[in-house]
J.: 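Below is one structure. I have some questions about it.
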Amino acid sequence: MPPRKTSRPPPYAARNQSSIPIPPALRNLLRRDKLRTIVLGFLGFLTIIWLLRRMGGGSGGAAAVIGSGAPVVIVTVIDPRANSAWVEKVKRNREDYASRHGYATFFPNNTDYPLKSSPLSWAKVPAVRHAMALNPRATFFWYLDSTALIMNPSIAIHSHLLTPARLEKLMIVNEPVVPPDSVIKTFGNLKGDRIDVVVTQDKEGITQSSFVVRNGEWAKYFLDAWFDPIYRSYNFQKAEAHALEHIVQWHGTILAKLALVPQNLFNSYASGPAHPKNGQYREGDLVAVFPGCDRDKRNCADEMQAFFDVLEGKNKDSQN
Amino acid sequence: MSSRSPSPRPGGWSSPGLNTPYDTGGRTSPMRGYANGASQNVTWASAQARSAEVKGYTAFNPRNQGFFGRHFRRISTNLPFSYAEKEKLGRGRHQGNKPMQILYALGRNLWRLRKPVGLVLFLVLGVILFYATPLHRVYRRSALFGGGGSKFVIILAANQGGGVMEWKGPREWAIERDSVKNKKKYTQKWGYDLEIVDMSTKKRYAHEWRESWEKVDTIRNAMRKYPHAEWFWWLDTNTFIMEPSYSLQSHIFKRLQYDTYRDINKYNPLNISHPLTDEYLDPETRSLNGDGKIDSINMIVPQDCGGFNLGSFFVRRSVWTDRLLDIWWDPVGYEQKHMEWEHKEQDALEYMYTNQPWIRPHVAFINQRKINSFPPGACGEKGDDPQIHYQEKDRDFLVNMAGCEWGRDCWAEMYNYRQLSNRLNRNPWEKFKDWISDSIKHMKESKKKGKKDEKGKKDEKAKKGNH
């Protein structure tokens, strides 16, 4: 028979005699009910870490870098055979503007790229791609042809045109891509922050003397698709201009990222086939373009002279 | 119930048990002529017979009228064991009877351990139920806590080249039926979705035929139809999944970084120069492996001896894929190249891979035999290229009888591979049965050597076909 339990309990509960002295605070923590909270808390902590790692995995890497560099990179392709004094003036025109707003510039030669037998005007496409490779942190790439001059350097293109709100307000929707009556029209319900390329239209169609591309994977797709050798060897009447119109009209993933804005915002024509409504250059416009002044027997330097004079006058005014 | 009360008769009460013939049981026809004579004598049997005549069935069958009923006791007393003894020994204990003792002990222990044993039984039952019911499919399908099978869609091109250009014969129908059945079984097993698309030639535009350029459209439609799926696996009709026990997840997608390569120099039948070296491209596009992350793989393509093979390939739902599907068919490219691009999308993809740098970082290649083994006859007559051809001992996943419609027998190939697949995937019981019949056959053969050698082989083949 087991011994009877004593009817008089000891005054204190028996202490378990462990050889390692545990401080009372820790002993309190290790009590059973508390232990559960500790374990649960630890598991919760692990879960949070796991969730954070999963979320961080998607957004990390190259995508995060875009936007931390210059807001806009101005790309102008230079013809090395052109009058070097004029080329210098054109470059200075961009550099002045870029330094005012913290932009970067990029002036490659049109012979730098493997165009094979296609016209040199195609060089603008790999040039923008090149600028993207050199400035991976920049947000926008503004291709501005050498036949254009920035006439109103006080307008910052990235805040004046390229913010989502401004784009939504300015873009022309349901407009035939090729005037006057193309069946493909610009989309009507695009969001400003989804726009990846901004172009204008002159009288004849989409122009490429001045356009803006947003840095990113889409831009690579757009430029590479545009630069496809089939298009380059295909006898489009106006080479890269018609190739651009072609891909915009046939491929929805390009049209869905395209915003068409009034021509005078960054592509006003000082001469030539401007858009009848809003294409003609007027005092105060950001850009004046002399389309085709580098071709045939025309001379850009001469045609631009009056405008250079105006610009120099302005500079003197601002310096005084 | 009236038949139960004995009828009085002039000579006193007749006792029914005494003069009832044994064999009245079960009889339905009324009886004439009684054992004890006159018809006015109402006996038990006569009353019963009459009531049966009126009602049409006998109301009462005496028990123990069969052989066992009468002789059971006599037989049972002669048996080596006895029920009677049990009571004598008392308390149900069988001393001296070893097997019974063991049984009792076992029963007692089982009863004592009923909780853990019950738990084990419950678990076993649960496992059996899990696999016997569609529950395991639900589990394998579920993306949240299961196998994630709903993330995969198989697009099976049926009726390729059919329609207005070609009539389909019974063989073509049989091929298609087999192929569809094979994929249906596979997708059901693993909880994937199967989309069978009709690839017959249709008129796309008023002025042109766009024969078999519909891969793009059908992939897009499938993406729209299964908005939660991630990977889309294109399969041609002439394919057969040899190993349905491989899931796509374990076979490919869990080991994507080991089984796929983006550096095409590893196997480069087209001699595409890689990486791109044009300095206007960004470093990622110029690198050998894109960004090297698994997440950036958007397309998995096998290469055969002639270049890309789109008989079996994967695309992932992504913006990149949208762009690719959009640019894949272009009217200018079509106009310029459709005579030259015999394999349509396949050639177009090769062209774009070569000429449009944005594509490269996102296309991964996979060893052909992982998803697209060839039979002999495609890419070499012998079928011994370890990069390309199906090897039975390696249990390749899928056979693509590519090009069998050009001078080979599609149906024979499909049939043979189906039989082979069935034979390779027999369950142990079937293997056992086959082993027995094989060994019997072998013994017979070794007896009559020589003459019947050929016939025996034929029999064996036929037998294999049955399993």
Side-chain angles (χ1 to χ4, degrees), chain A residues 57-63 65-66 75 77 106 108 112-116 123-136 194 196 215-236 242-243 245-247 249-257, chain B residues 205 210 216-217 220 223-224 273 275-287 290-296 298 318-341 347-363:
Chain A
S59 61
V65 179
I66 292 175
V75 182
V77 175
F106 180 55
D112 290 353
Y113 304 108
L115 298 175
K116 308 222 168 90
K124 65 181 61 131
V125 185
V128 176
R129 191 87 154 84
H130 195 185
M132 279 171 57
L134 295 174
N135 302 278
R194 300 280 179 85
D196 281 324
N215 195 0
E217 287 294 314
W218 184 87
K220 293 180 191 171
Y221 156 63
F222 168 65
L223 295 169
D224 290 348
W226 189 4
F227 197 57
D228 191 289
I230 288 182
Y231 300 145
R232 280 185 281 147
S233 60
Y234 192 72
N235 277 324
F236 281 122
H242 281 173
E245 280 175 359
H246 170 81
I247 57 172
Q249 290 185 81
W250 278 95
H251 299 296
T253 49
I254 290 175
L255 189 58
K257 296 286 188 176
Chain B
Y205 302 102
R210 219 174 99 179
V216 170
D217 294 336
R220 272 208 186 133
M223 284 186 168
R224 211 168 300 138
S273 63
L276 292 162
T277 49
D278 298 314
E279 61 162 12
Y280 68 87
L281 297 168
D282 55 303
E284 189 193 311
T285 312
R286 279 193 284 170
S287 82
D291 64 358
K293 290 179 190 156
I294 327 165
D295 298 346
S296 65
N298 287 311
S318 68
V319 283
W320 182 92
T321 309
D322 281 347
R323 290 165 196 159
L324 179 77
L325 295 177
D326 190 19
I327 205 83
W328 207 330
W329 190 84
D330 181 86
V332 170
Y334 183 74
E335 185 198 324
Q336 298 286 296
K337 300 278 190 179
H338 73 279
M339 298 303 281
E340 187 187 322
W341 287 348
D347 292 328
L349 183 68
E350 283 167 2
Y351 173 84
M352 287 196 296
Y353 182 86
T354 317
N355 290 301
Q356 297 195 9
W358 67 281
I359 291 184
R360 288 199 190 194
H362 301 277
V363 176

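So you know, we letter chains A, B, ... as the sequences are listed, proteins then strands, and number each from 1. It should be emphasised that the depicted structure is a prediction, and the values quoted were computed from it without experimental measurement.
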J.: Distance check, rounded to the nearest 0.5 Å: T285(B) atom OG1 versus E217(A) atom CD?
T.: 7.5 Å
J.: Looking at R323(B), E279(B), K337(B), which makes the most heavy-atom pairs under 4.5 Å with chain A?
T.: R323(B)
J.: Please report the C-alpha distance between W250(A) and V332(B) in whole Å, then the side-chain angles of each, then the deciding distance to 0.1 Å, and finally whether the side-chain contact (heavy atoms from CB on, under 4.5 Å) criterion is met.
T.: CA-CA 10 Å; W250(A) 278 95; V332(B) 170; over 6 Å; no
J.: Under a 4.5 Å heavy-atom cut-off, does chain B meet the side chain of P114(A), its backbone, both or neither?
T.: side chain
J.: Considering residues at least two apart in sequence or located in another chain, which fulfil the side chain to side chain contact (heavy atoms under 4.5 Å, CB included) criterion with R194(A)?
T.: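 By the side chain to side chain contact (heavy atoms under 4.5 Å, CB included) rule, R194(A) matches K191(A).
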J.: Tell me, side chain or backbone of Q356(B) under 4.5 Å from chain A's heavy atoms, or both, or neither?
T.: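 Q356(B) touches chain A through backbone and side-chain heavy atoms alike.
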J.: Counting only heavy atoms closer than 4.5 Å, note whether F222(A) contacts chain B via side chain, backbone, both or neither.
T.: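 Contact with chain B: none, neither part.
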J.: Quick one: CH2 on W328(B) to NE2 on H251(A), what's the gap to the nearest 0.5 Å?
T.: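 One gets 13.5 Å once the value is rounded to the nearest 0.5 Å.
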J.: To the nearest 0.5 Å, tell me how far I359(B) CD1 sits from D224(A) CG.
T.: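 I359(B) atom CD1 to D224(A) atom CG measures 8.5 Å (nearest 0.5 Å).
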J.: Under a 4.5 Å cutoff for heavy-atom pairs, which residue among M352(B), R286(B), Q336(B) has the most contacts with chain A?
T.: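 Counting heavy-atom pairs under 4.5 Å, the top option is Q336(B).
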J.: So which part of Y221(A) gets closer than 4.5 Å to some heavy atom of chain B, the side chain, the backbone, both or neither?
T.: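 Both backbone and side chain.
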J.: Are the side chain of D326(B) and the backbone of T253(A) linked by a donor-acceptor contact shorter than 3.5 Å?
T.: yes
J.: Return the set of residues passing salt bridge (Lys or Arg N to Asp or Glu O under 4.0 Å) with D282(B) (not counting sequence neighbours), or none when no residue passes.
T.: R129(A), K220(A)
J.: For the side chain of Y351(B) and the backbone of I230(A), is there at least one donor-acceptor N/O pair under 3.5 Å apart?
T.: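 Checked: pair present.
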